[in-house]
Amino acid sequence: MGGWALAVHGGAGVDPNLPEERQEEAKRLLTRCLEMGVAALRSKSLSAVDVVELVVRELESDPLFNSGRGSALTAKGTVEMEASIMDGPKRRCGAVSGVSTVKNPISLARLVMDNSPHSYLAFGGAEEFARQQGVEVVDNDYFITEDNLQMLKMAKEANKIVFDYRIPIIGLETCGASAGAEIRDTTSPLQMNGLPISVYAPETVGCVVVDSEGRCAGGTSTGGLMNKMSGRIGDSPLIGAGTYACNICSVSCTGEGEAIIRGTLARDVAAVMEYKGLKLQEAVDWVVNNRLDGGQAGMIAVSSEGEVAYGFNSNAMFRGCATEDGFMEVGIWESN
């Protein structure tokens, strides 16, 4: 293929009864982000990692998906966000967790990569670094939406972790896993660390880019799970799990964080390309089919050759991609 390419995602796993207007709203946001990235890549004014930051910032600033403003709430009713970014040519990376006042966590992750001797900062240390760097900070209330407050209230009343935090209220009773350690419902088709869930759609966001010089980069950002324990860290900020970029490809994952972490999903795509000689789509398919061990997840990827690919084993994934030859698509369901 050759040339530049980019892909975006807004989470794997979607409520099958998601209202049509919500679907169209998601498609419009993904299209807007793709167009923003395409304009930057056509102008050649930004590198791959610059475009990743630009696009993920846009996703974080819109409350539609679960990152930045609109992030899922912890059991304490606060927001603890996490993000990572990786620049493929020298495998430079930066990540943050437990961020509660930084308006755009992806940009703080970029600063960790560029302006610190470390790769990963969390909680108070990440917040302190943000202030040292002069990034825009806001009160935690900025990130909290009325919809999410209502979902947290229902989740706490039902004593559940809500994995699709925007499912219709009527579906809440059948969604999630009880916090009780005794629960082991083997009839549930989906499980997280041995506990049953009915729906999984955290709506994490991500972007992967290869620019006209063949440089790959990727980034992922999320608020995590609704009603999660304070201090929980998922796959999104973990290099090699939720995000990975090198000289041959870039990958951003979404879905069941614990399964993605166990399978080092993003790195495995690059590994099978390197060691098995697979092409990008083949590598994505192989990893999704062989490394999730019953977990539900998805991923987007680009290669240094300008290929773009995605894969998921959930019922759907909010996604979109564009390439230099003019191809662009946005989809949700498996048949899209």
Side-chain angles (χ1 to χ4, degrees), residues 9-18 66 72 82 155 158-167 171-204 206 220 222 224-229 232-244 251-272 276 278 281-301 309-319 332-335:
H9 72 71
V14 180
D15 171 36
N17 298 312
L18 190 69
N66 175 18
E82 47 197 28
N159 194 29
K160 297 180 185 292
I161 295 174
V162 178
F163 294 93
D164 180 351
Y165 69 100
R166 284 187 172 86
I167 61 169
L172 183 63
E173 293 180 357
T174 61
C175 176
S178 169
E182 307 82 14
I183 298 297
R184 293 291 187 276
D185 180 5
T186 57
T187 64
S188 174
L190 305 177
Q191 293 193 345
M192 174 176 283
N193 283 347
L195 297 179
I197 60 175
S198 298
V199 179
Y200 188 93
E203 298 182 347
T204 291
T220 311
T222 189
L225 305 176
M226 182 65 74
N227 201 26
K228 66 181 181 180
M229 293 174 62
R232 183 262 184 182
I233 294 173
D235 68 287
S236 296
L238 301 184
I239 299 302
T243 303
Y244 190 74
V251 183
S252 174
C253 297
T254 175
E256 183 184 335
E258 281 68 11
I260 295 170
I261 292 168
R262 293 193 303 269
T264 57
L265 225 61
R267 165 59 187 159
D268 255 22
V269 173
V272 296
K276 284 180 170 285
L278 300 185
Q281 187 65 62
E282 294 174 325
V284 167
D285 292 341
W286 191 91
V287 170
V288 169
N289 291 330
N290 292 278
R291 285 292 185 260
L292 279 166
D293 300 323
Q296 298 281 304
M299 62 176 66
I300 54 174
Y310 64 83
F312 53 93
N313 66 351
S314 54
N315 67 325
M317 181 171 72
F318 294 105
R319 65 194 186 273
I332 300 176
W333 309 104
E334 186 174 8
S335 59

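Worth knowing before you read on, the calculation uses all heavy atoms, side chains too, and leaves out hydrogens, waters and symmetry mates. The chain is numbered in sequence order, starting from 1.
- Taking 4.5 Å as the limit, every side-chain heavy atom of Asn315 sits out of range of all side-chain heavy atoms of Glu334.
- Minimum interatomic distance between Val284 and Tyr310 (heavy atoms only, all atoms of both residues): CG1-C, 3.7 Å.
- Minimum heavy-atom separation, Ala297 to Leu265: CB-CD2, 4.3 Å.
- Pairing each heavy atom of Arg232 with each of Gly224, the nearest pair is NH1-CA, 4.1 Å.
- Nearest heavy-atom pair, Ile233 versus Pro237, reported as atom, atom and distance to 0.1 Å: CG2-CG, 3.8 Å.
- Summarising the geometry of Gly298 relative to Phe312, their closest heavy-atom pair is CA-CB, 3.6 Å, with the distance given to 0.1 Å.
- The CG atom of Leu18 sits 6.5 Å away from atom CD1 of Ile332, with the distance rounded to the nearest 0.5 Å.
- Put simply, the side chain of Glu256 does not reach to within 4.5 Å of the side chain of Leu292, judged on heavy atoms.
- Between His9 and Thr204, some side-chain heavy-atom pair lies under the 4.5 Å cut-off.
- Counting only distance, with no hydrogens or angles, the side chain of Thr220 and the backbone of Ser236 share no donor-acceptor pair below 3.5 Å.
- Side chain of Arg319 to main chain of Gly10: no donor-acceptor pair is present (N/O by atom type, distance under 3.5 Å, no hydrogens or angles).
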Check step by step if side chain to side chain contact (heavy atoms under 4.5 Å, CB included) holds for Glu282 and Val272. CA-CA 9 Å; Glu282 294 174 325; Val272 296; over 6 Å; no

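- Across all non-hydrogen atoms, the minimal contact from Asp235 to Gly257 is OD1-CA, 3.1 Å.
- Going from atom CD of Gln296 over to atom CG of Asn313 covers 4.5 Å, rounded to the nearest 0.5 Å.
- Formation of a donor-acceptor pair under 3.5 Å by the Asp293 side chain with backbone atoms of Ala259 is not found in this model.
- If you take CZ on Arg267 and CD1 on Ile239, they are separated by 12.5 Å, rounding to the nearest 0.5 Å.
- Residues Val14 and Phe318 are in side-chain contact: their nearest non-hydrogen atoms beyond the backbone lie under 4.5 Å apart.
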